[in-house]
Participant: 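Dumping the structure here so I can ask a few things about it.
The sequence lines fix the lettering, A, B, ..., with proteins before strands; numbering per chain opens at 1. Computed from a prediction, not measured in an experiment: that's the story for all the values here.
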Amino acid sequence: MSAYLISMATFVGFFMILALALNLQWGMTGMVNFGIAGFYALGAYTSGLLSVKLGWPVGITIAMSCVTGLIAGGLVALLSMRLREDYLAIVTLGFGEIVRLIALNEDQITEGPRGLKIDARPFADMFDRETYPLVYLGLVALAVAVVFVIVECIRRSPMGRTLRAIREDDVVAEVLGKNVLRHRIQVFALGGAFMGLAGALYAHYVQNISPEVFMPMVAIFIWMSVIVGGAGNNWGLLLGAGVVMTILEGSRFMGDFIDFLDAEQLSAIRIIVIGVLLIAILRVRPRGLIPEPKFSFAAASTDQERQPSIENAK
Amino acid sequence: MAEDLLQAENICVGYGRGDIVHGVDVSVSAGRIATIIGPNGAGKSTMIKAIAGVLMRREGSIRIDGQEIGGKPASEIARCGVAYVPQEANVFRQLTVTENLQMGSWIEPEEFDGRYEKVCALFPILKERGKVRAGNLSGGQRQMVAFGMALMVEPKVLLLDEPSAGLSPAMVEQMFDIIKQVNKTGIAVLMVEQNAMQALKISDHGYVMAAGQVAMSAPASELLDSSEVSELYLGTRQ
Amino acid sequence: MSGQLIINGIVNASLIAPPAIAFSLLFGILRFPNFAIGAYVTVGAFIAYALNVGAGMPLWVAGLGAMAGTAVVVWLSDVLVFKPMRGHTPVTLLVVSIALALIIEHVIRLFYGADVRGFDLPLERPIKFAGMRITGEQIDIIIMTIVIGIAIHLLLQYTRIGKAMRATADNEVLAEVRGINTSYVIAFTWLVCGALFGLTGVFAGLDLVIEPLVGWYLTIPIFAAAILGGIGSPYGAMLGSLLVGLAEELTVLVLPSSYKIGVGFVIIAVLLLIRPHGLLGQPEIKK
């Protein structure tokens with residue numbers, strides 16, 4: 001049981017990194033990303049392939065995952081410079097799907113649906129098999145902490161204020177002389193790097209990656225985490241990631257009590273529960289359960305119920 | 001006191017939480033023109049939107065011919081003979097000019113042909129450019145489409161939000177002429193105008209709004225003569 | 001060989017066109033891309049399947065049932081989910097629509113599992129000419145899509161409700177001010193679009209397979225077609241469908257067919273870069 005809890009906590013860690021990255025991109029800057037699964041997969045396959053095919057040391061392959069995530073994020077952001085946010089949603093989703101398609105179809109390199117087996121693990125030879133999961137959890141926790149500190153520092157810095165200005169209104173930020181495009185690209189690239197990191201850590205943890213893990217649904221779980229925690233609020237979304245994972249995993253145990261449903265039906269019910277909760281939360285608290293600190297007027301100005309009025313068309 | 005055609009009393013209205021208009025009374029009788037002037041942010045447009053039903057008034061009574069319309073949706077208020085012309089987004093851009101006019105007689109489609117001729121007599125250009133999409137017209141022509149569409153309603157009350165906004169000086173002149181002409185057919189006009197001087201000249205009554213309240217209500221000629229008003233609102237325009 | 005690809009492309013386009021038109025019509029009202037459209041198509045496919053295979057009805061009756069049933073489901077999704085949230089930001093609504101798509105997909109999985117199914121139809125030999133082949137069902141799909149396109153055109157251009165639909169999509173406040181009961185018009189629009197999604201479900205069941213993700217695989221080509229034609233322009237959506245349908249099939253000449261689904265994305269990305277308003281769309285004028 002405790003092995004199960006450790007594994008669950010490790011997965012919560014991956015979610016937390018992804019959620020922090022999304023919070024940087026969307027919560028703090030207002031850039032939509034539905035291609036989370038794509039960045040996650042890119043990180044996983046970069047590190048996995050470099051270590052399996054070229055035999056590079058794990059530390060370096062994980063760093064390379066961050067680099068590819070960074071580059072991919074920058075490129076997607078470049079694409080988005082003229083796009084409205086709903087178009088960016090489609091483009092990022094497309095990016096994610098294309099990464100998955102490549103992983104699925106180029107099976108001479110990626111092993112396709114058979115899955116890529118990865119033997120290398122960081123510090124594996126220094127610990128025995130019993131304690132290693134705990135060590136890995138510690139490693140993931142360290143990564144979460146580092147990402148958290150970086151994102152939180154950005155939030156508190158003058159750049160964080162600029163990002164909020166971009167989020168509220170690009171045009172205003174542009175007029176104020178903030179270089180909106182540069183900031184958008186920087187933030188999206190950095191978020192991409194964090195997602196790549198999460199993917200690499202995931203790959204070396206499960207040691208077998210296959211494309212079906214990286215379905216667009218991953219994005220929904222991460223959005224759910226950020227929205228539950230409160231967009232822009234880094235502490236809140238750590239909690240959010242935990243809540244989402246608990247719902248996902250906790251409902252597994254329902255199977256012990258409800259024996260007339262098979263595993264597939266239970267997993268369907270899990271997703272339905274997540275979806276219904278997500279809609280319910282968005283309807284009641286569009287900016288999340290725990291609103292962003294010190295900036296509560298943002299909720300009022302961007303998402304309040306509007307009167308049907310021509311004024312809003314301006 | 002006899003009831004005017006349009007009688008709005010003690011209107012309180014705003015967006016979301018706070019009110020912008022605090023207890024305003026406005027009235028117009030048949031065949032008259034009333035103009036609301038005042039500085040930006042005084043709540044003039046908000047007031048006219050409340051009468052049109054685009055904004056739901058929080059408090060107060062609005063009556064047309066003695067019939068209460070306050071609290072009704074805009075589509076029902078339109079059926080009571082009120083035609084409102086917004087300042088912006090006042091035409092259907094994707095629809096042709098003729099289709100825009102058809103929308104004007106939406107409530108009584110069988111009246112379209114007769115009214116169409118009348119409106120085109122006022123604005124011949126609307127017939128000429130009937131097949132053009134309204135979004136492709138110049139600002140002045142669009143304003144004519146908006147105005148023509150409202151006249152297609154054959155309303156009892158015409159509510160105009162800044163009818164001269166964005167027009168060239170010559171066109172402003174023409175626009176006010178047309179308003180006067182329309183008014184002579186017996187339609188009551190309530191308008192909000194920045195162009196206070198010219199608007200008051202064709203009006204019977206004027207209201208000066210400031211900070212969400214009526215600061216002055218007097219016959220238009222009196223307002224034009226008032227040194228206070230001309231200093232505050234007309235001076236810069238002369 | 002390429003003649004066959006063009007036939008496949010036209011069939012493909014006929015599959016995409018009705019939902020692309022519906023997506024465009026809905027966008028006029030919603031002002032955000034509704035990601036649940038694929039799930040609506042899946043609903044149509046499964047209702048038709050239940051009526052055809054489950055209840056033993058002939059396919060054309062099942063198809064009409066699917067259109068009616070999907071129309072109701074789609075309209076309910078507005079009443080229960082989107083209508084109470086009108087006025088929220090597009091991104092909020094977009095996330096909601098994805099969540100809704102997941103819910104619908106998994107409700108279907110709950111009852112039908114992930115098995116691949118098909119309608120109960122006699123096997124027909126494809127018609128062959130000049131070395132190319134096309135099935136009778138594919139001809140039906142093409143003809144019905146053309147009929148649907150003409151019908152939607154007549155509806156929008158010449159009927160009172162159709163003009164009200166266009167007016168409401170263009171400027172809801174002004175439509176209301178001119179006496180149009182816009183909430184009625186919006187409900188009608190949802191029902192029409194729902195019927196189109198339902199019909200697409202039937203087409204998908206005929207030409208592809210019936211499974212919980214069938215609509216999801218169509219979502220991106222539908223977006224691509226609608227964006228290509230200029231979002232909010234039903235005629236553009238028809239043209240866009242033809243181009244996307246052909247492009248998807250013709251890429252088989254250069255790329256393995258498993259990449260077909262990626263073509264839509266590439267079209268969207270390239271197009272948004274060079275012409276953000278689509279081929280026939282008009283730029284939105286921001287104040």
Participant: Give, as side chain, backbone, both or neither, the part of C:Ala101 having an atom under 4.5 angstrom from any heavy atom of chain A.
Facilitator: neither

Participant: So that I know where these two stand, are C:Phe35 and C:Phe223 an aromatic pair - ring centroids less than 6.0 Å apart?
Facilitator: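 Distance test on ring centres: under 6.0 Å, yes.
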
Participant: Flag the one option from A:Ser267, A:Gly94, A:Ala219 with the top tally of heavy-atom pairs under 4.5 Å to chain C.
Facilitator: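 Greatest number of close heavy-atom pairs with chain C: A:Gly94.
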
Participant: Is it true that C:Asp170 and C:Thr168 share a donor-acceptor pair across their side chains at a distance under 3.5 Å?
Facilitator: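 Side-chain D/A pair, C:Thr168 to C:Asp170: absent.
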
Participant: For C:Leu255, is it the side chain, the backbone, both or neither that has a heavy atom under 4.5 Å from a heavy atom of chain A?
Facilitator: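 Neither part.
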
Participant: Using a strict threshold of under 4.0 Å (side-chain N to carboxylate O), is an ion pair present between C:Asp78 and C:Arg86?
Facilitator: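 Between C:Asp78 and C:Arg86 there is a salt bridge, with a charged N closer than 4.0 Å to a carboxylate O.
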
Participant: Does some side-chain heavy atom of C:Glu248 sit less than 4.5 Å from a side-chain heavy atom of C:Pro221?
Facilitator: yes

Participant: Report which part of A:Leu278 has an atom under 4.5 Å of a heavy atom belonging to chain C: side chain, backbone, both, or neither.
Facilitator: side chain

Participant: For A:Ile274, is it the side chain, the backbone, both or neither that has a heavy atom under 4.5 Å from a heavy atom of chain C?
Facilitator: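 Neither part; nothing is under 4.5 Å.
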
Participant: Establish, yes or no, whether a centroid distance under 6.0 Å links the rings of A:Phe39 and A:Phe95.
Facilitator: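 Centroid distance A:Phe39-A:Phe95: below 6.0 Å, so yes.
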
Participant: Centroid separation under 6.0 Å, is that true for the rings of C:Phe82 and C:Phe32?
Facilitator: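 When the ring centroids of C:Phe32 and C:Phe82 are compared, they turn out to be within the sub-6.0 Å range.
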
Participant: Under a 4.5 Å heavy-atom cut-off, does chain C meet the side chain of A:Ile102, its backbone, both or neither?
Facilitator: both

Participant: With only heavy atoms counted, which part of A:Ile272 is less than 4.5 Å from chain C, the side chain, the backbone, both or neither?
Facilitator: both

Participant: So C:Leu94 and A:Phe34, do their side chains get closer than 4.5 Å, heavy atoms only?
Facilitator: yes

Participant: I'd like to know which of C:Val81, C:Ile98, C:Leu100 tops the heavy-atom pair count under 4.5 Å against chain A.
Facilitator: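 Heavy-atom pairs under 4.5 Å are most numerous for C:Ile98.
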
Participant: With respect to chain A, which residue among C:Val107, C:Ile104, C:Ile108 yields the maximal number of heavy-atom pairs within a distance under 4.5 Å?
Facilitator: C:Val107

Participant: Is C:Ile220 close to chain A through its backbone or its side chain, or both, or neither, when contacts mean heavy atoms under 4.5 Å?
Facilitator: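 Side chain only.
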
